K.L.:
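Questions regarding the structure given below will be posed in turn.
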2 protein chains.
Amino acid sequence: MSSIASGNTIAEVGGLMGDAARANMLMALMGGQALTAGELARVARITPQTASGHLAKMIEGRLLAVEKQGRHRYYRLASGEVAHAMQALMALAADGHRRHHPLGPRDAALRLARTCYDHMAGRLAVAIADALSAQDCMVLSDGAAVLTQKGRAVLDSVGLPMDGTSARRPLCRTCLDWSERRPRLAGRLGAALLARALDLGWIVRTPGNRALTLTGQGEEGFRRAFSLPVDWRAGPSP
Amino acid sequence: MSSIASGNTIAEVGGLMGDAARANMLMALMGGQALTAGELARVARITPQTASGHLAKMIEGRLLAVEKQGRHRYYRLASGEVAHAMQALMALAADGHRRHHPLGPRDAALRLARTCYDHMAGRLAVAIADALSAQDCMVLSDGAAVLTQKGRAVLDSVGLPMDGTSARRPLCRTCLDWSERRPRLAGRLGAALLARALDLGWIVRTPGNRALTLTGQGEEGFRRAFSLPVDWRAGPSP
DNA sequence: CAATTGCTTCGGCCGATGCCGAACCATCCA
DNA sequence: TGGATGGTTCGGCATCGGCCGAAGCAATTG
C-alpha cells in the first residue's frame with residue numbers, strides 16, 4: 001500500500017524512527033552487524049509478529065535491507081545515511097540526558113573499543129585520531145579532517161591506500177555517542193580502518209554486542225602503526 | 001505530563017519530526033528566520049489551534065525556541081543540531097524522490113542565493129567555496145574543509161577574523177538541499193559569512209521566503225573579496 | 001473602554017496504528 | 001516424513017494523537 005516504494009517524505013522517515021520499538025531496533029543495528037528478526041524482537045521487547053510488522057515498514061521505507069539466509073532473515077541498516085540520521089537524532093535526544101554512566105564491567109570493554117555502524121569508536125579510536133593529528137598526518141578543524149601527504153604515507157604503510165579523493169563522504173566526523181565527545185575517524189577512512197584492523201586480527205568482534213576486543217597483535221600493531229603514546233588507554237590527556 | 005522537560009529519547013525526537021504538519025513547520029523554519037505561530041499554521045495548512053498544540057510539543061521537545069514580541073510569538077529552530085537532524089532526514093527522504101524542478105521565476109532567485117538555516121546556499125555560496133578552494137585558501141576533502149593560513153588572511157580582510165579553532169563545529173559540510181549537490185560553506189564560518197554579508201548590505205533577505213537578493217554592492221564586493229570568476233553565475237564549470 | 005487581532009486552552013470526535021493470539025509458510029533436522 | 005524452529009500474515013482490540021469548534025487570555029488600536 002501507500003506509494004509504489006518511490007519517495008519518502010521527511011515526515012514518513014521521521015515517523016518510522018519515531019517509535020520506541022523501531023528506534024530500539026535501529027539502535028541495535030548501529031553496531032554495524034546484521035541481526036535476525038528474532039534478535040531484533042528481543043531487543044525491542046516485543047513479540048516476533050509485532051516486530052515483523054515493524055521490520056516490513058522499515059524495509060518499505062528504505063531504512064533497512066534484508067538478506068535471507070537459510071531460515072533466518074538478517075536485517076541491517078540500508079545505508080550509512082540511515083546511521084547518520086540516527087546519530088543526528090541521538091544528538092538531539094542526548095541534550096538534557098546527562099545519562100547515568102554505570103561503568104559496569106561490560107561497559108568498560110565498550111568504552112575501550114566498539115563499533116559504531118561501520119567504523120570504530122571508543123578510547124582506541126580517539127587515541128588514533130589524536131596521534132595522527134599530533135604528527136601532522138591529518139589536520140583536524142572543527143570536527144572536520146583533511147589528510148596530509150604524510151598521513152597518506154602512514155596509512156599506506158598499514159595497507160590502506162587512500163588514493164581517490166573522489167567520494168564526497170567525510171573523512172572524519174564528530175560522532176556524538178555516549179562516551180567521550182571527541183573527534184575520531186569515521187567516514188570512508190574510518191570504515192576502511194575498521195575493516196583492515198579486523199582483517200589483520202588486531203581486533204575481533206564480540207558476538208552479542210558492539211564491543212571490540214583488542215588482541216595482543218593489535219596492541220602492538222596499533223601502537224607501532226600510529227605511534228600511539230604508551231598511556232593511550234588513560235583517555236584524553238590534555 | 002511526561003518528564004520534567006529533561007531528556008528526550010530518540011523515539012520522541014523522531015516522533016516529533018514524524019508528523020506531516022510538524023515537518024512542514026520545521027522545513028519552513030530551515031530558512032533561519034523566526035516565524036509567527038499564524039504563519040506556521042498557514043504553511044502547514046492547519047488551523048491555528050492545532051498548530052499551537054504542535055508548537056507546544058516541539059518546544060517541550062526542545063526542537064524549537066520561542067520569543068514573544070508584542071502579541072506575536074516568534075518561533076525558531078532551537079539549535080543548529082535541529083537543522084542538522086532535519087538535513088539528515090531530508091537526505092533519506094530525497095532518496096527516490098528525483099523531485100520535479102519546475103524552475104519557475106521565483107525559483108531562479110532561490111537557486112542563485114538563499115539561506116539554509118544560518119548560512120548561505122545556492123550558486124553564490126558554491127562559487128565562493130569553489131574560489132576559496134581554487135586559491136588554496138581552504139582544502140576541501142570529502143565534504144570536509146580546513147582553512148589555510150592564506151584563507152584566514154582573506155577572510156580577515158572581509159572582516160571575518162577566524163581566530164579560535166576552538167569550537168568543534170564543522171567549517172564546511174555538504175548540505176543536501178534541493179539544487180546543486182556541491183560543497184559550500186556551512187558551519188561556523190558559513191554562519192559568520194552570512195551575518196557579515198547581511199551587515200555589509202551585500203545581500204538582503206526577502207521577507208516572505210528564504211531567497212536572498214544580491215545588491216549592487218554585493219555583486220562587486222563578493223567578486224573582489226573572493227576573486228570570483230566573472231561567469232560565476234553560470235554554475236558548476238568543470 | 002470597547003473592538004480587533006494573535007494565540008492558547010478545553011472538549012469531543014475519529015481515524016491511524018501498535019499490540020498480541022492464532023494460524024500459516026518455510027527451513028532445517030532426525 | 002514428522003516435528004521442531006524462525007518468520008510472516010490475519011483479525012480484533014485498545015489506545016493514542018491529530019483535528020477542529022468554541023471559548024478564553026493578552027496585547028494593540030480606535
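Please read these numbers as outputs of a predicted model, since none were measured by experiment. Letters go in sequence order (proteins before strands), and every chain restarts at 1.
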K.L.:
Send over the distance from A:Gln69 CD to C:dA26 P, rounded to a whole Å.
P.N.:
19 Å
K.L.:
Does a distance-only test, which skips hydrogens and angles, find a donor-acceptor pair under 3.5 Å between the side chain of B:Gln49 and the base of D:dG21?
P.N.:
yes
K.L.:
Think B:Lys68 has a side-chain N or O under 4.0 angstrom from the OP1 or OP2 of D:dA26?
P.N.:
no
K.L.:
Quickly work out the B:Glu60 CD to C:dT9 P distance and round it to whole Å.
P.N.:
12 Å
K.L.:
Can you find a side chain N or O atom of B:Arg71 that sits less than 4.0 Å from OP1 or OP2 on D:dT29?
P.N.:
no
K.L.:
Using every non-hydrogen atom in the two residues, find where B:Ser79 and B:Tyr117 come nearest and quote the distance to one decimal.
P.N.:
C-OH, 3.1 Å
K.L.:
Could you check whether the rings of A:Trp202 and A:Phe222 sit parallel, tilted or perpendicular, using 30° and 60° as the cut-offs?
P.N.:
perpendicular
K.L.:
What's the CZ-C1' distance between B:Arg45 and D:dG18, to the nearest Å?
P.N.:
18 Å
K.L.:
Between B:Leu55 and A:Gly15, name the one whose nearest nucleotide on DNA chain C is closer to the 5' end.
P.N.:
B:Leu55
K.L.:
Can you measure B:Leu64 atom CG to C:dT8 atom P for me and round it to whole angstrom units?
P.N.:
12 Å
K.L.:
Is A:Glu12 salt-bridged to A:Lys57, going by a charged N under 4.0 Å from an acidic O?
P.N.:
no
K.L.:
Salt bridge between B:Arg73 and B:Glu39, side-chain N to carboxylate O under 4.0 Å?
P.N.:
no
K.L.:
Examine D:dG18: is either OP1 or OP2 under 4.0 Å from a nitrogen or oxygen in the side chain of B:Lys57? Give yes or no.
P.N.:
yes
K.L.:
Please state how far atom CZ in B:Arg42 lies from atom P in C:dC7, giving the value in whole angstrom units.
P.N.:
9 Å
K.L.:
What's the OH-C1' distance between B:Tyr74 and C:dT8, to the nearest Å?
P.N.:
18 Å
K.L.:
Classify the nucleic acid contact of A:Tyr75 as base, sugar-phosphate or nothing, counting any heavy atom under 4.0 Å across all strands shown.
P.N.:
sugar-phosphate
K.L.:
Would you indicate which nucleotide in C:dT8, D:dC20, D:dG7 comes nearest to any side-chain atom of A:Thr36?
P.N.:
D:dG7
K.L.:
Nearest whole Å is fine: how far is C:dT27 P from A:His72 NE2?
P.N.:
13 Å
K.L.:
Is B:Ser52 near enough to C:dT8 that one of its side-chain N or O atoms lies under 4.0 angstrom from OP1 or OP2?
P.N.:
yes
K.L.:
If each of B:Ala37 and A:Thr47 is mapped to the nucleotide of DNA chain C with the nearest heavy atom, which maps nearer the 5' terminus, i.e. the 5' end?
P.N.:
B:Ala37
K.L.:
Kindly say if B:Thr50 contacts the phosphate of D:dC20, meaning a side-chain N or O under 4.0 Å from OP1 or OP2.
P.N.:
yes
K.L.:
Tell me the closest heavy-atom pair linking A:Leu92 and B:Ala85, and the distance in Å.
P.N.:
CD1-CB, 3.7 Å
K.L.:
Does C:dG6 have OP1 or OP2 sitting under 4.0 Å from an N or O in the side chain of B:Arg73?
P.N.:
no
K.L.:
Between C:dA16 atom C1' and A:Glu12 atom CD, what is the distance in whole Å?
P.N.:
14 Å
